[in-house]
Amino acid sequence: MDKQLATTLFESLASGIRLDIFRLLVKQAPTGLVAGEIASILGLPSTNLSFHLKAMTHASLVNVTQEGRYQRYRANLSVMQSLIDYLTAECCTGNPEHCFDIDKATSCCDTN
């Protein structure tokens, strides 16, 4: 990951609504939620939600798959992990393994 991509990801999450959506989708990983479920849980109008989901999909924070007439949204956990790795790469003078348990941090996001 480079600085430009990290900046794009942070800009996409700079909205409180988008942060709420992303955190909800992370919580629902790996199955994700359809748009109507997200709107219902967060109490958002569908037009407002659509705008935010489009921006997050454009930034690659969220993946979308068509399921009949519904669209299922999932947090892109590999992008999230790459952002975390980028942020912590120089932790503890370049030895992030001294700062926290990397195995625990990455195992929570393993979707395989």
Side-chain angles (χ1 to χ4, degrees):
M1 175 164 302
D2 62 15
K3 183 177 177 179
Q4 181 60 44
L5 178 55
T7 301
T8 298
L9 295 173
F10 279 117
E11 286 172 350
S12 181
L13 290 172
S15 158
I17 292 172
R18 290 183 195 164
L19 188 56
D20 289 344
I21 294 167
F22 189 73
R23 292 188 71 215
L24 175 64
L25 292 174
V26 168
K27 184 178 179 180
Q28 296 298 321
T31 57
L33 295 166
V34 296
E37 293 171 321
I38 298 168
S40 177
I41 291 168
L42 296 178
L44 297 171
S46 59
T47 54
N48 192 356
L49 177 65
S50 177
F51 169 78
H52 291 293
L53 286 171
K54 182 179 179 181
M56 294 172 71
T57 302
H58 223 112
S60 298
L61 279 170
V62 172
N63 296 321
V64 61
T65 54
Q66 193 73 36
E67 292 182 358
R69 57 184 210 160
Y70 300 103
Q71 292 185 314
R72 181 168 297 273
Y73 292 88
R74 293 178 177 90
N76 188 338
L77 299 179
S78 62
V79 168
M80 180 186 75
Q81 187 61 52
S82 293
L83 182 58
I84 292 168
D85 293 345
Y86 174 78
L87 291 172
T88 59
E90 300 300 320
C91 179
C92 298
T93 61
N95 297 296
E97 65 276 6
H98 296 172
C99 300
F100 59 93
D101 188 342
I102 292 176
D103 291 332
K104 286 182 182 177
T106 56
S107 68
C108 78
C109 298
D110 187 8
T111 58
N112 295 331

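Note that the structure is a prediction, hence the values are computed from the model and not measured.
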Worksheet entry | Smallest separation among heavy atoms of Asn76 and Ser60, with atom names | ND2-O, 3.1 Å
Worksheet entry | Side-chain heavy atoms of Leu42 within contact of Ile17, under 4.5 Å | no
Fill in: Interatomic distance, Ile38 atom CD1 to Ser50 atom OG [nearest 0.5 angstrom]
11.0 Å
Worksheet item: With distance as the sole test, does Ser12 use its side chain to make a donor-acceptor pair with the main-chain N or O of Thr8 at under 3.5 Å?
Response: no
Discussion item. Within the structure provided, determine whether Phe22 and Met80 are in side-chain contact (heavy-atom separation under 4.5 Å).
Written reply: yes
Fill in: Spacing of OH belonging to Tyr70 relative to CD belonging to Glu37, to within rounding of 0.5 Å
9.5 Å
Discussion item. Under the rule for side-chain hydrogen bond (donor to acceptor under 3.5 Å, both in side chains), what residues qualify as partners of Arg23, not counting sequence neighbours?
Written reply: none
Discussion item. Any heavy-atom pair between the side chains of Thr65 and Arg74 that's under 4.5 Å?
Written reply: yes
Response to the item:
Residues Met1 and Ser82: closest non-hydrogen pair is CE-CB, 3.7 Å
Fill in: Shortest non-hydrogen contact from Arg18 toward Glu11
NH1-O, 4.4 Å
Response to the item:
Those residues at least two apart in sequence (or on a different chain) that pass side-chain hydrogen bond (donor to acceptor under 3.5 Å, both in side chains) with Asn48 are His52
Worksheet item: CG of Leu83 to CG of Leu61: how many Å apart, nearest 0.5 Å?
Response: 8.0 Å
Discussion item. Taking Phe51 as the starting point, is it possible to reach Ile21 by hopping between hydrophobic residues whose side chains are less than 4.5 Å apart?
Written reply: no
Worksheet item: Applying the 4.5 Å side-chain criterion to the ILVMFWY set and letting contacts propagate, would Leu24 and Val64 be lumped into a single cluster?
Response: yes
Worksheet item: Got a second to check how far Leu5's CG is from Leu9's CG, nearest 0.5 Å?
Response: 4.5 Å
Worksheet item: Can you name the nearest heavy-atom pair linking Thr31 to Arg72, along with the distance?
Response: O-CD, 3.0 Å
Discussion item. Quick check for you: to the nearest 0.5 Å, what is the distance between Ile41 atom CD1 and Asp20 atom CG?
Written reply: 12.0 Å
Worksheet item: About how many Å separate CE of Met56 and CG of Leu13, when rounded to the nearest 0.5 Å?
Response: 6.0 Å
Discussion item. Looking at every heavy atom in both Leu25 and Leu33, which two are closest together, and how far apart are they?
Written reply: CD2-N, 4.0 Å
